[in-house]
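Below is one structure, written out as structure tokens; comments come after it.
Labels below follow one simple rule: chain letters A, B, ... track the order of the sequence lines, proteins then strands, and each chain is numbered from 1.
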2 protein chains.
Amino acid sequence: MLELKDIPLFSKLSPTQLDELQGQMHIHHYEKDSIVFYEGDESEYLHILLDGRVRLYKTAPKGTQVHMHNFAAPEIIALFAAFEQIPFPATCEFLGEGTVGLLPLSKIYDCMKNVDFSISLVSALSKRMKLLANLLHKETIYSTEAKIADLVLNNSAVFERLKNNEIASILNMTPETLSRILTKMKKEKIIIIKKHIVMILNENALRKIIETNCMGN
Amino acid sequence: MLELKDIPLFSKLSPTQLDELQGQMHIHHYEKDSIVFYEGDESEYLHILLDGRVRLYKTAPKGTQVHMHNFAAPEIIALFAAFEQIPFPATCEFLGEGTVGLLPLSKIYDCMKNVDFSISLVSALSKRMKLLANLLHKETIYSTEAKIADLVLNNSAVFERLKNNEIASILNMTPETLSRILTKMKKEKIIIIKKHIVMILNENALRKIIETNCMGN
DNA sequence: GGGAATATCTTTGAGTTCCAGCATTCACAT
DNA sequence: ATGTGAATGCTGGAACTCAAAGATATTCCC
């Protein structure tokens, strides 16, 4: 299993600081599908994903889930929520089994006296912000068609790994909508799907869909 | 007009560092409604709002604007976009007239060797992230009714300052929708509006709208 | 291992909902 | 008197829901 020194954020700390931190860290093991924290929970600890993969999502009033991110170890979870001392904006659920390390926030504040640590922190926060800004863009600007075009263009490999209904939930749409649009794209000869492998026939059409938010006609 | 030392992010720097930075800063004056940068632009400079108020918004393919934030001086604009060296995720437009200081990014990197500066930076980034997370929540989870309930509950004073169509654009909905929902709330005796002043008659109903995303019936 | 039985996905159709768009009328303030 | 903002009815589009059928996987049993 991973240790603190394997995590980029902490890699710049001295061995003594690392030992001290490692000693303060509580390790929790989680089974598949278990919840690390719920949206709205508060915590005095920084959650560090040491092993496994988690999914972060919001829950809408009617119970539908709005997918935000998947994270794989090693990763800091809910970084800014910890710093702002606000309730978690999303629920964190394990996809398989895995482990989380809990580090008291007060210890982190101590580390910030170390310049290199602070700089890593700035970089980590700013990366996370990029993720969030990206998500916001997709959810507020993109139509369902544009979301799918974007996925096909930038990450067509997921169609090999995941079932369509899993992809739909990551894109925050229903499997029906995904299916309808994929068949439409196939009909328009923009893509071909064979044995779960997506081949792009007309890349420009995909870019145009992203730009205009809709397909030709 | 404000100087660098008046800006929280820079307040911890030494007078000599401040002088050096101030010397490197280009000052730009902008008229009302002028654009500081467009969504998609790139820049080697950190934009610092020294005077006036700006509005940040995304533009959807059909030309509709998605309002993100209003900022008043002093404030750093597009903080994380600068750090991640990515195109601006939104357009920045002045609401009145004002001034912006441009600071070369390379100079900022130098400052990060100063621990106090780095810590301020972490705090600034994390605050901005909170704003963004909030916006994401409103845009992905809230219905139009919930957005309005939230505004009435947490910032009913805006109804005195702004016209309804301005409020609608901040909430990313049409004035018609805002009008319809406000009259519905008045009919249900949840609020009363007199002379642009909103009075809350039934706070619990508002909370329930936010929780359930819809009004009683 | 082959093939039936079963479960799980995917596709397709029809209907619904939410909210934007347009047009008109109404209200109010210059 | 005139222009701007607000209210309201109607229409339309995007994406969701529900339901049912079709296609794939998976399991089980001989």
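Within residues 139-152 of chain A, the residues having any heavy atom closer than 4.0 Å to DNA chain D are, in order of number, A/S143, A/T144. If you check residues 160-181 of chain A against DNA chain C, the residues with a heavy atom closer than 4.0 Å are A/K163, A/N164, A/N165, A/E176, A/S179, A/R180, listed by number. Using a 4.0 Å cutoff on non-hydrogen atoms, no part of residues 190-199 of chain B comes near DNA chain D.
Shown here are the side-chain contact (heavy atoms from CB on, under 4.5 Å) partners of B/L131, two or more places apart in sequence or in another chain: B/H69, B/F71, B/R128. Take B/S123 and apply the side-chain hydrogen bond (donor to acceptor under 3.5 Å, both in side chains) test, not counting sequence neighbours, and it matches B/K127. Evaluation of the salt bridge (Lys or Arg N to Asp or Glu O under 4.0 Å) rule for A/D51 yields no partner, not counting sequence neighbours.
Applying the side-chain hydrogen bond (donor to acceptor under 3.5 Å, both in side chains) test to residues at least two apart or on different chains, the pairs with a partner in residues 82-92 of chain B are A/S126-B/E84. Applying the side-chain hydrogen bond (donor to acceptor under 3.5 Å, both in side chains) definition to pairs two or more places apart or across chains, those involving residues 24-49 of chain A are A/H29-A/E97. Judged as a side-chain hydrogen bond (donor to acceptor under 3.5 Å, both in side chains), the pairs with a partner in residues 194-216 of chain B (not counting sequence neighbours) are, in order, B/S143-B/N213, B/E203-B/R207.
Of all nucleotides in DNA chain D, those with any atom nearer than 4.0 Å to a heavy atom of chain B start and finish, going 5' to 3', at D/dG5 to D/dC10.
A salt bridge does not link B/E166 with B/R161: every distance from a Lys NZ or Arg NE/NH1/NH2 to an Asp or Glu carboxylate oxygen is 4.0 Å or more. We find that A/K147 and A/E139 are joined by a salt bridge, their nearest charged nitrogen and carboxylate oxygen being less than 4.0 Å apart.
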Contacts table for residues 56-67 of chain A: side-chain donor-acceptor under 3.5 angstrom, sequence neighbours left out:
from	atom 1	to	atom 2	distance (Å)
A/Y57	OH	A/E93	OE1	2.9
A/K58	NZ	A/P89	O	3.0
A/K58	NZ	B/H137	ND1	2.9
A/Q65	OE1	A/R55	NH2	2.5

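Under the 30°/60° scheme for interplanar angles, the aromatic rings of B/F83 and B/Y109 are found to stand perpendicular.
Put simply, the side chain of A/S179 never gets that close to the backbone of A/P175: no donor and acceptor are under 3.5 Å apart.
A pairwise comparison of heavy atoms in A/F94 and A/T99 identifies CZ-N, 3.8 Å as the closest pair. Scanning both residues, B/T144 and B/I181, for their nearest heavy atoms gives OG1-CD1, 3.4 Å.
Taking the side chain as every heavy atom from C-beta outward, A/L125 and B/V122 approach each other to under 4.5 Å.
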- Message: Set out, in order, the CA-CA distance, both residues' side-chain angles and the distance that settles side chain to side chain contact (heavy atoms under 4.5 Å, CB included) for B/T177 and B/L171, then state yes or no.
- Response: CA-CA 11 Å; B/T177 302; B/L171 293 177; over 6 Å; no
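Stretches of at least 3 consecutive Watson-Crick or G-U wobble pairs, with each checked distance under 3.5 Å, appear in DNA chain D as C:1-30 with D:1-30.
A/L182 places its CG atom 11 Å from the P atom of C/dT12, with the value rounded to the nearest Å.
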